[in-house]
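As structure tokens, the structure follows; a few thoughts come after it.
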Amino acid sequence: MSNIRVRFAPSPTGALHIGGVRTALYNYLFAKKHGGTFVLRIEDTDQGRYVPGAEEYILESLGWCGIMPTEGQGIGGPHAPYRQSERKETYLKHALELVANGSAYYAFDTPEELEAARSEAAAAGNHNFKYDATCRQVMKTSLTLSADEVQRLLDAGEHYVIRLKVPENEVVTFTDLIRGEVSFHTSELDDKVLMKSDGMPTYHLANIVDDHLMEITHVIRGEEWLPSTGHHVLLYRAFGWEATMPQFSHLPLILRPDGKGKLSKRDGAKFGMPVFPLSWPQGGKKTETAEDSFEGFREFGFLPQAVINFLAFLGWNPGTEQEIFSLEELCEAFSLEKISKSGARFDYDKAKWYNQQYLHAAADADLAAHVRPLAEAKGYQVSDEYLAKVCHLMKGRATFLPDLVEQSAYLFGDVQVFDNENIAKRWKPESRPVFEALAEHLKAQPAFVAAPLEEAVKAFMADRGLKPGEVMPVLRLSLAGTMQGPGVYEMMELLGNDRTMDRLEKAFGYFDAQMA
RNA sequence: GCCCCGUUCGUCUAGGGGUCUAGGACGGCGCCCUUUCACGGCGUUAACACGGGUUCAAAUCCCGUACGGGGUACCA
């Protein structure tokens, strides 16, 4: 019933940063919460920074996270195209409209002339050169040139840009849903370029035109856009669209773990953690240098729900003491008012904790499916059922998906590595007959199931006056080679009678050899 | 430099004038459980940046300072 429309508008200049994923998430949550529409728009107006594959990466990332837009690039919808480079004419038409109504003007200054003006100002002691009301009166603009001259330059195909004519001596105020009232004095706003000389619009123009045309009701974006929002409000006014101007919400930034500035792609390598949802480049498209490639949350072995939960709480909090939220619960609980104003440091320990929580709670079969490729890569050939059982035994002690198979090699094949130090501590020259008797006792068990096996071992120990400390470590070492891992009886059940017997026998021989 | 935004435990945060001797979570530490490693349970550690106001009463409102962050492109 709601006609709320939000958009996520990334620039395809590379992999989608985790901060961008959070922005997308908040937009998604807000849309879902209000039964609205979540639009994906690709802001590729900078031809020079376009990176092939980035758009696919964005879509795949959102898909992996489970926060797919409901309209937009790659999905379709009533306002197509959703790629700004394909909407070029629209922007020029609108920019011209602004020139016609006196809100914008042509500027014919070359980059060199601009640079000259800049250094001239600097030489005169003015280090904050700004293309403003004073400036536009002395540069080559349609405000200083005669109409004929302007037409002549245009006809001659001279390069030009169209700039916003910022009104003088006004205060521009708007209400940010997260920060409250924010205002700027127009004297500190420069005459932003709206149309670049290559015929493409700048972000400022394209974003306003598209948000209006696409009937966006709420703009939820990063804090880095706050300073230019004054210009954006001016643009809505210049177009006469102020009545339908979207509501703005500027999100706090995600900061580096050490708090020194916003999290950047370099910080992944620097702090040994992922800062992108997926690895980049994807699928072996090796167009980047090694320095520009990163491992993503997915490849680290994070579950998407954990990443989402973690991200949601980086700058937002429901105000209750619940920490674990499914996507559906987040949709329900989300509200812009509860987003905090200050930047949030990227807390990797918290991210790991979330993943652990989701791993523990996940169904064995689901984990098995996730881990199947990893197991196969290691050459393990097991049934889905067996893999699920391994996951069941391991998930309580794993932080990442790969832990499930990487720390359980002995559940897939013979023990390869023995903890000799502990063997020396637990195995005695006279142990063998005792453990062989125990093995016989176990072998004779009618059901090779954890609970009865436990009973059997306990009975054996009681019978012989043995303490658990004398028996259990040896059994564990025999079956796993290590002192870490799942419960001994559970491992026996998983391995089954034959394999258990085989391992015990081999281990006892190995232990004796160690003694020699 | 200038403009904008921000500032509660180490970190993420709750708090929206009295119920705050400031709550939860992560991390750390300790204990219990378990003669494995974990998980789990219990406990503990630790914060309202500073200075002025306003008020009977301020973590909560206002101002200033300090500090932090963002912006300052024909990049988004």
Side-chain angles (χ1 to χ4, degrees), chain A residues 9-13 43-46 48-49 84 107 109-111 114 118 126-131 159-163 176 178-180 182-185 187-190 192-204 206-207 221-230 250 252-253 255-262 310 313-324 337-338 340-354 356-357 360 394-399 403 407 419 422 426 467-473 475-477 480 482-488 491:
Chain A
S11 178
T13 53
E43 311 230 329
D44 58 345
T45 54
D46 186 346
R49 292 211 303 158
Q84 292 186 324
D109 319 296
T110 63
L114 265 180
R118 220 178 288 275
N126 175 13
H127 290 276
N128 46 332
F129 171 85
K130 193 157 87 273
Y131 205 113
H159 281 269
Y160 67 89
V161 299
I162 295 178
R163 284 181 184 270
D176 185 287
I178 294 172
R179 288 151 208 284
V182 179
S183 45
F184 300 90
H185 194 102
S187 66
E188 62 217 17
L189 269 28
D190 64 338
K192 282 261 180 291
V193 169
L194 266 22
M195 288 298 295
K196 301 185 273 192
S197 59
D198 65 357
M200 277 294 193
T202 57
Y203 168 85
H204 307 292
N207 142 68
R221 69 212 324 185
E223 190 185 3
E224 65 269 29
W225 295 110
L226 194 46
S228 50
T229 307
H250 289 93
L253 265 14
L255 274 17
R256 286 162 42 125
D258 59 11
K260 292 181 175 140
K262 64 174 171 179
F310 165 66
F313 272 69
L314 223 47
W316 173 84
N317 187 290
T320 65
E321 291 185 351
Q322 185 181 346
E323 304 277 340
I324 304 294
E337 294 71 34
K338 290 212 167 286
S340 46
K341 299 178 179 72
S342 49
R345 293 195 200 189
F346 188 85
D347 183 358
Y348 191 49
D349 279 330
K350 198 68 167 272
K352 287 194 283 194
W353 177 77
Y354 269 114
Q356 200 180 51
Q357 296 298 309
H360 293 359
M394 297 301 295
K395 70 180 181 182
R397 55 210 97 222
T399 300
D403 294 345
Q407 297 173 4
D419 177 351
N422 268 300
R426 307 290 182 175
K467 282 183 267 187
E470 299 173 279
V471 176
M472 300 310 290
L475 289 179
R476 168 174 298 285
L477 253 5
T482 165
M483 286 301 287
Q484 305 180 350
V488 167
M491 283 197 287

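Remember, predicted model here, so these are calculated numbers, not experimental data.
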task = Rounded off to whole Å, could you give me the CH2-to-C1' distance for the Trp316(A) and C12(B) pair?
result = 13 Å
task = Write down the distance separating the P atoms in A47(B) and G24(B), rounded off to the nearest Å.
result = 14 Å
query = With both distances under 3.5 angstrom, what nucleotide forms a Watson-Crick or G-U wobble pair with G17(B)?
reply = none
inquiry  = Given 3.5 Å as the limit, does a donor-acceptor pair link the side chain of Thr202(A) with the main chain of Val193(A), or not?
reply    = yes
ask   = CZ/Arg397(A) to NE2/His360(A) distance, rounded to the nearest 0.5 angstrom?
value = 9.0 Å
Pairing partner of G51(B) (Watson-Crick or G-U wobble, both distances under 3.5 Å) = C63(B)
query = So, does Lys196(A) use its side chain to make a donor-acceptor pair with the main chain of Tyr160(A) at under 3.5 Å?
reply = no
inquiry  = Given 3.5 Å as the limit, does a donor-acceptor pair link the side chain of Lys262(A) with the main chain of Glu224(A), or not?
reply    = no
request  = With heavy atoms under 4.0 Å as the rule, sort Arg476(A) into base, sugar-phosphate or nothing.
outcome  = base
message = Suppose you measure atom C1' in A46(B) against the same atom in G28(B); what distance do you get, rounded to whole Å?
response = 10 Å
Any strand: nucleotide that pairs with G68(B) via Watson-Crick or wobble, under 3.5 Å = C5(B)
Arg221(A) side-chain N/O to Ala9(A) backbone N/O, donor-acceptor pair under 3.5 Å = no
Atom-pair distance (NZ on Lys467(A); P on U34(B)), nearest Å = 17 Å
request  = Using atom CG of Asn317(A) as one end and atom C1' of U11(B) as the other, report the distance to the nearest whole Å.
outcome  = 14 Å
task = Take atom CG of Leu314(A) and atom C1' of C12(B), then tell me their distance rounded to the nearest Å.
result = 7 Å
Pairwise C1' distance, A58(B) and G17(B) [rounded to whole Å] = 6 Å
Hey, can you pull the donor-acceptor pairs under 3.5 Å for the side chains in residues 342-353 of chain A, sequence neighbours left out?
residue, atom, partner, partner atom, Å
Asp347(A), OD1, Asp349(A), N, 3.3
Asp347(A), OD1, Lys350(A), N, 3.4

inquiry  = In whole Å, measure the gap between the C1' atoms of A14(B) and A22(B) for me.
reply    = 9 Å
ask   = Reading nucleotides 39-50 of chain B from the 5' end, what letters show protein touch, with B for base, S for backbone sugar-phosphate only, - for no heavy atom under 4.0 Å?
value = SS----------
query = If you look at every strand shown and take non-hydrogen atoms under 4.0 Å, does Ser340(A) touch a base, only sugar-phosphate, or nothing?
reply = sugar-phosphate
query = With a non-hydrogen cut-off below 4.0 angstrom, is Gly487(A) in contact with a base, only sugar-phosphate, or nothing?
reply = base
query = If pairing requires Watson-Crick or G-U wobble contacts with both distances under 3.5 Å, which nucleotide is the partner of C74(B)?
reply = none
Atom C1', compared across U7(B) and G51(B): separation rounded to whole Å = 15 Å
query = Can you tell me if Asp176(A) uses its side chain to pair, donor with acceptor, with the backbone of His250(A) under 3.5 Å?
reply = yes
key: Separation of atom CE in Met472(A) from atom P in U34(B), rounded to whole Å   = 13 Å
Atom-pair distance (CD on Gln407(A); C1' on C37(B)), nearest Å = 9 Å
query = What orientation do Tyr354(A) and Phe313(A) show, parallel under 30°, tilted 30 to 60°, or perpendicular over 60°?
reply = tilted
remark   = Nearest-nucleotide check on RNA chain B, Gln322(A) vs Gly485(A); residue mapping nearer the 5' end is Gln322(A)
query = Once you round it to whole Å, what is the distance between P of G24(B) and CD1 of Ile324(A)?
reply = 17 Å
message = Using the P atom as the point on both nucleotides, what is the distance between C50(B) and A59(B), in whole Å?
response = 11 Å
request  = Write down the partner of G10(B) under the Watson-Crick or G-U wobble criteria, each distance required to be under 3.5 Å.
outcome  = C26(B)
task = Using only side-chain N and O atoms of Lys341(A), determine if any of them is under 4.0 Å from OP1 or OP2 of G16(B).
result = no
task = With heavy atoms under 4.0 Å as the rule, sort Phe346(A) into base, sugar-phosphate or nothing.
result = nothing
query = So, the side chain of Arg118(A) versus the backbone of Phe129(A): is there a donor-acceptor pair under 3.5 Å, distance only?
reply = no
task = Report yes or no: does Ser340(A) contribute a side-chain atom to a donor-acceptor pair with the main-chain N or O of Gly315(A) at less than 3.5 Å?
result = yes
task = Could you tell me whether a side-chain N or O of Asn317(A) sits under 3.5 Å from a main-chain N or O of Lys338(A), the two making a donor and an acceptor?
result = no
query = What is the distance, rounded to the nearest whole Å, between atom CD of Glu323(A) and atom P of G27(B)?
reply = 11 Å
ask   = In the 5'-to-3' direction, what one-character label does each nucleotide of nucleotides 59-76 of chain B receive under the scheme B = base within less than 4.0 Å of a protein heavy atom, S = sugar-phosphate only, - = no such atom?
value = ----------SBS--BBB
task = Rounded to whole angstrom, note down the C1' distance from C75(B) over to G15(B).
result = 40 Å
request  = Indicate, with a heavy-atom threshold strictly under 4.0 Å, whether Asp347(A) touches base, sugar-phosphate, or nothing.
outcome  = base
query = Around atom NE2 of His159(A), are there more than 12 heavy atoms of other residues, nucleotides or ligands at under 6.0 Å?
reply = no
task = Determine the contact category for Val488(A): base if any of its heavy atoms lies under 4.0 Å from a base atom, sugar-phosphate if only primed atoms, P, OP1 or OP2 are that close, otherwise nothing.
result = nothing
task = Mind checking Lys395(A) for me? I need base, sugar-phosphate or nothing, with any heavy atom below 4.0 Å counting as a touch.
result = nothing
task = Pick base, sugar-phosphate or nothing for Thr482(A), based on heavy-atom distances below 4.0 Å to the nucleic acid.
result = nothing
key: Opposite nucleotide pairing with U34(B), Watson-Crick or G-U, both atom distances under 3.5 Å   = none
message = Just to be sure I understand the rule, does Glu321(A) reach a base, reach only the sugar-phosphate, or reach nothing, if contact means heavy atoms closer than 4.0 Å?
response = sugar-phosphate
ask   = RNA chain B: Pro473(A) or His185(A), which has the more 5' nearest nucleotide?
value = His185(A)
ask   = Using the C1' atom in both, what is the distance from G52(B) to C26(B), to the nearest Å?
value = 37 Å
